[in-house]
Each structure stands twice: as structure tokens, then as C-alpha cells.
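Some notes on the structure that comes next.
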Amino acid sequence: MERVLHIPGGTLSRNNGIATFLMNIYRNLDKKKFQFDFIVFTEEQGEYEKEITELGGHIYHVVRPGLNLMKNMYQTYIAMKQHSYHIMHRHTAEAHSWTDFYIAKKAGIIHRIAHSHGTHTFKPILHKVFYWLFIKNITERLACGNAAGKWLYGDNAEFMVIKNGIETPKFKFSDKIRKERRNELTVTEDTLVLGSAGRLANPKNPFMTVRVFAALVEKYPDSRLIMLGEGDLLAQVKKLIGELDIEEKVLLPGVTSEVGSWLCAMDVGIYPSEFEGFPFSVLEAEVNGLPTIISDRISKEVDVLGTLVSMPLEKSPDMWADEILKLYRMNRQLPRDACSQAVLEAGYDIKNTAKDLEQFYERLLQ
């Protein structure tokens, strides 16, 4: 059995899409062949940590590089020397993660995998300055899609795409669940329920979601907004909701393991992200058959079924609201329960992803 050391770059919690992706793979992994260990840049205990320990994995908490880079590098090196790791798998979209690959090389880890999950960086200068060190110290290149791969490795670079598989049965549409959830919300079938799932953080652009919804209420007063998730911007999002005087129409359930049932209750999904490679939340909406509008900053590869509506982020909230109303009126009578099978057949079930990753690791170790 081989231990693989993962660095997800965030907490091991449901609020971190990469952590959820890794946990879904971990649960479906042949643990006679591979075990997962994790390095996380925080002392915070994530929701998945108890399960990881029960499955046989180890977790190393190190200080964030932004707080103390030298201490981070030292603690990371010590963690990497705990076992005779042959594979380190770093999930990133930015070259200033180069230190993890450099340390892994110093620690004697032969295979140092970069796995691109994005198409942008908030620190472009650092990305450019450290890019040569990043490229110099990685040995294998993975990406969640072609756009993410080209972003991190270059247009002509070779890399392998590992599809962002999800547990498709969890997100399948159910009319029964829809009615139950909407009854809990005390809304009628004529209420337009707009929704999203994801971190309330800058890349997800939650302020745009709130402003679009405020414009929608002006056009269709019987509307509600559900924003699943938490994040650094939660307090500011609540403040904006108050300023726009729409508190009674907005629900913030926080992080939940019942995303699928909430999706069933929605009529339209909205994801006005500033940038994303291949967002799991949008794929989950597709599995559910939820009509969804996304920003033009999200990779078109996520439109697995060809049903998403892409909208320029520069367009006004009022124009976004008009498109949402079109989606709502066009799709009200369309069946949603066949979409999960279509996504599964397209190869985006987590069992397929876990098998692809297993085979990739096996080839490295031959």
C-alpha cells in the first residue's frame, strides 16, 4: 500500500471544494493500494478530519505561508519526512505554491504532482516572479480541464485532465424532495427560487448574486434567494442584503451536507464567479437538471450537457435578472430527473475519477 501526500491549500471541510473532491475520491479509493495523507495550512480542525483518521489517513497542520514562510517550510519538510512518500499531490492554480514542490524535492519525494484547479490568480506579480521555480520543481502535470491546464502550464504544454467527478446520486432531482423542501420554505410553485452553493469569497462574487437578486425582485416580486455556504465575506454579504432591504427574501443556510435537496427546491441557479476552472457546484446543478446561469469567466468545459447560459460579467444586474426570468419561463415544464444519468455517462461520476487517479498513480510507481 502506497501513501500519497495531498496538499489541498485550504481547510479539510465541506466549504472547500477541493477538500470535498479529495474526500469523495478517498471514499472510493482502493485502500489496499493507496492511502491519503494531508498537509493543511491552518490549525483549524476541518469537518473531514475525523473521517480521514478513521479511514487510516494522517493530517499535518502547518502554519500558513503568508503568516510565516520560513516556519511553514520547516513544518512542511518535517511532515514530508514522516513517511517514505513517493508521491506528493499539490492542488493549486498559482506558481507561488513552488515552495511545496521545492521542499518535497529536498525531502526526497520523487513524484511531485501539480494539479491545476483554476484559471486565475489574485497575485499575478508573485505568480510571474516564481513561475520558473514552480516549473523547475514539479514532475507531473494534472488539471481539472483544458482551460485550467493551459492557464498553469502554457498553451503548448502537455498535461493530463482528471475530471472533476462528483457523487451523482446525491444531486439527482426528486419531485418529492422538491415539494417537501419548498413546503418548509413556505413558498408556492409560482415562487421563483434562485440559488447558489459555494464559498462566500471573492472568486465566487457573492455580491453580484445579491445585486442580481435585488434586480430580480423588482421584476418578479415573488422571488426568493438561497445562498448555501460560508466564507470570509459572510458578514459583508449580510450587510449588503440589509442595505438592499431584501432580508425577508434571502436565506443563508450555511454549509450543509444536503446540497442536493436544496437544489431540488430551486428554479434557477446563479454563479457569477470572477474566475473558475471547473466548479463542482455548477456540475452538481447540472446533475440536478437545474437551469443555471454562469459568468463568462467560468470555463465553458463545465457545460457538460450544453444547457448552461453564459453571461458576460460586465453586464448589469438588471440584464442578468432578465436572463434569469427567461430561463425560469422557458424551463418550468422541462423534466429534470434525466440529467444525472447524462452527466454520469459523460464520465463525471466520482467512481470514474477515483479509478482514473488510481491508474495514474500506478503508472508513476511502475
Side-chain angles (χ1 to χ4, degrees), residues 17 93 117-120 122 144-148 150-151 164 171 191-229 231 233 237 240-241 244 246 249-250 259 262-263 265-334 336 339 343:
H117 289 270
T119 56
H120 187 79
F122 278 121
C144 65
N146 285 312
K150 289 180 179 179
W151 152 255
N164 275 5
F171 305 100
T191 304
L192 194 172
V193 179
L194 182 69
S196 65
R199 284 182 302 118
L200 300 180
N202 281 317
K204 306 290 185 179
N205 202 7
F207 301 127
M208 181 65 168
T209 297
V210 174
R211 292 190 177 96
V212 169
F213 178 68
L216 179 65
V217 170
E218 293 294 320
K219 301 171 184 290
Y220 195 96
D222 189 12
S223 297
R224 300 290 185 275
L225 173 63
I226 300 171
M227 299 178 72
L228 304 174
L233 300 181
V237 166
L240 179 59
I241 290 169
L244 295 173
I246 53 175
K249 293 180 177 289
V250 180
V259 173
W262 284 107
L263 292 175
M266 298 174 190
D267 296 295
V268 180
I270 178 170
Y271 294 92
S273 301
E274 291 279 0
F275 62 88
E276 289 205 65
F278 197 108
F280 298 98
S281 52
V282 175
L283 186 61
E284 291 163 3
E286 288 184 86
V287 170
N288 189 262
L290 179 67
T292 300
I293 184 169
I294 64 173
S295 80
D296 59 348
R297 308 286 180 83
I298 295 176
S299 170
K300 302 299 186 294
E301 292 172 270
V302 77
D303 193 3
V304 174
L305 303 183
T307 57
L308 301 178
V309 172
S310 179
M311 187 77 171
L313 198 55
E314 293 75 18
K315 297 293 184 181
S316 67
D318 191 68
M319 296 179 73
W320 273 68
D322 285 338
E323 287 299 317
I324 288 167
L325 278 173
K326 288 180 187 177
L327 260 181
Y328 175 62
R329 289 164 178 157
M330 286 172 56
N331 292 281
R332 287 193 70 183
Q333 305 305 319
L334 294 179
R336 290 169 60 173
C339 294
V343 173

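- Rounding to the nearest 0.5 Å gives a distance of 12.0 Å between CG of Leu327 and CG of Asp322.
- Nearest heavy-atom pair across Ser281 and Ala197 is CB-O, 3.2 Å.
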CA sep, side-chain torsions, deciding dist, call: Leu216, Leu194, side-chain contact (heavy atoms from CB on, under 4.5 Å) = CA-CA 9 Å; Leu216 179 65; Leu194 182 69; 4.3 Å; yes
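- A donor-acceptor pair is defined here as one N or O able to donate and one able to accept, closer than 3.5 Å; no such pair exists between the side chain of Trp320 and the backbone of Met311.
- We find the NZ-CD1 distance between Lys204 and Ile298 to be 7.5 Å, quoted to the nearest 0.5 Å.
- Inter-residue side-chain proximity for Arg224 and Val250 is flagged as unmet; no heavy-atom pair is nearer than 4.5 Å.
- By the 4.5 Å heavy-atom criterion applied to side chains, Met266 and Leu228 are counted as neighbours.
- A 4.5 Å side-chain heavy-atom check between Pro291 and Asp267 finds every atom pair outside the cut-off.
- Between atom CD1 of residue Ile241 and atom OG1 of residue Thr209 there is a gap of 10.0 Å, rounded to the nearest 0.5 Å.
- In terms of heavy-atom proximity, Pro317 sits nearest to Arg211 at CB-O, 3.7 Å.
- A side-chain donor-acceptor contact under 3.5 Å links Asp296 to the backbone of Leu313.
- For Glu286 (side chain) and Leu305 (main-chain N/O), a donor-acceptor pair under 3.5 Å exists by modelled atom type.
- Atom-to-atom distance recorded for Leu240:CG and Phe207:CZ is 7.0 Å, nearest 0.5 angstrom.
- The backbone N or O of Thr307 lies less than 3.5 Å from a partner atom in the side chain of Asp303, making a donor-acceptor pair.
- For the pair Ser273 (side chain) and Phe275 (backbone), a donor-acceptor distance under 3.5 Å is absent.
- The shortest side-chain heavy-atom distance between Leu283 and Val304 falls under the 4.5 Å cut-off.
- Atom CG of Leu225 sits about 6.5 Å away from atom OG of Ser196, to the nearest 0.5 Å.
- Tyr271 has its side chain out of reach of Pro279: every pair of non-hydrogen atoms, C-beta onward, lies at least 4.5 Å apart.
- Counting heavy atoms from C-beta on, the side chains of Ser295 and Asn205 never come closer than 4.5 Å.
- Side-chain N or O atoms of Glu301 include one that pairs as donor or acceptor with a backbone N or O of Ala147 at under 3.5 Å.
- Using the six-membered ring where Trp is involved, Tyr328 and Tyr220 have ring planes that are perpendicular, over 60° apart on the 30 and 60° scheme.
- Side-chain contact between Ile293 and Leu308: absent, with no pair of heavy atoms (C-beta onward) separated by less than 4.5 Å.
- To the nearest 0.5 Å, the span separating OG1 on Thr191 from CG on Asp222 amounts to 3.5 Å.
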Derivation and outcome, side-chain contact (heavy atoms from CB on, under 4.5 Å), residues Asp318 and Lys219 | CA-CA 9 Å; Asp318 191 68; Lys219 301 171 184 290; 3.0 Å; yes
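- Annotation for Ile246 and Ala214: closest pair CD1-CB, 4.3 Å, computed over non-hydrogen atoms.
- Remark: side-chain polar atoms of Lys249 are not paired, donor with acceptor, to backbone N or O of Phe213 under 3.5 angstrom.
- With a 4.5 Å cut-off on side-chain heavy atoms, Leu263 and Val287 do not count as touching.
- Using modelled atom types, one side-chain atom of Asn164 and one backbone atom of Phe278 make a donor-acceptor pair closer than 3.5 Å.
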CA sep, side-chain torsions, deciding dist, call: Val268, Thr292, side-chain contact (heavy atoms from CB on, under 4.5 Å) | CA-CA 5 Å; Val268 180; Thr292 300; over 6 Å; no
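- A pairwise comparison of heavy atoms in Asn202 and Phe122 identifies CB-CZ, 3.9 Å as the closest pair.
- Closest approach of Met208 and Ser316 over heavy atoms only: CE-C, 4.5 Å.
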Could you walk me through whether Val309 and Ile294 pass the side-chain contact (heavy atoms from CB on, under 4.5 Å) test, one step at a time?
-> CA-CA 6 Å; Val309 172; Ile294 64 173; over 6 Å; no
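- Between Glu314 and Arg297 there is a salt bridge, since a side-chain N of the basic residue sits under 4.0 Å from a carboxylate O of the acidic one.
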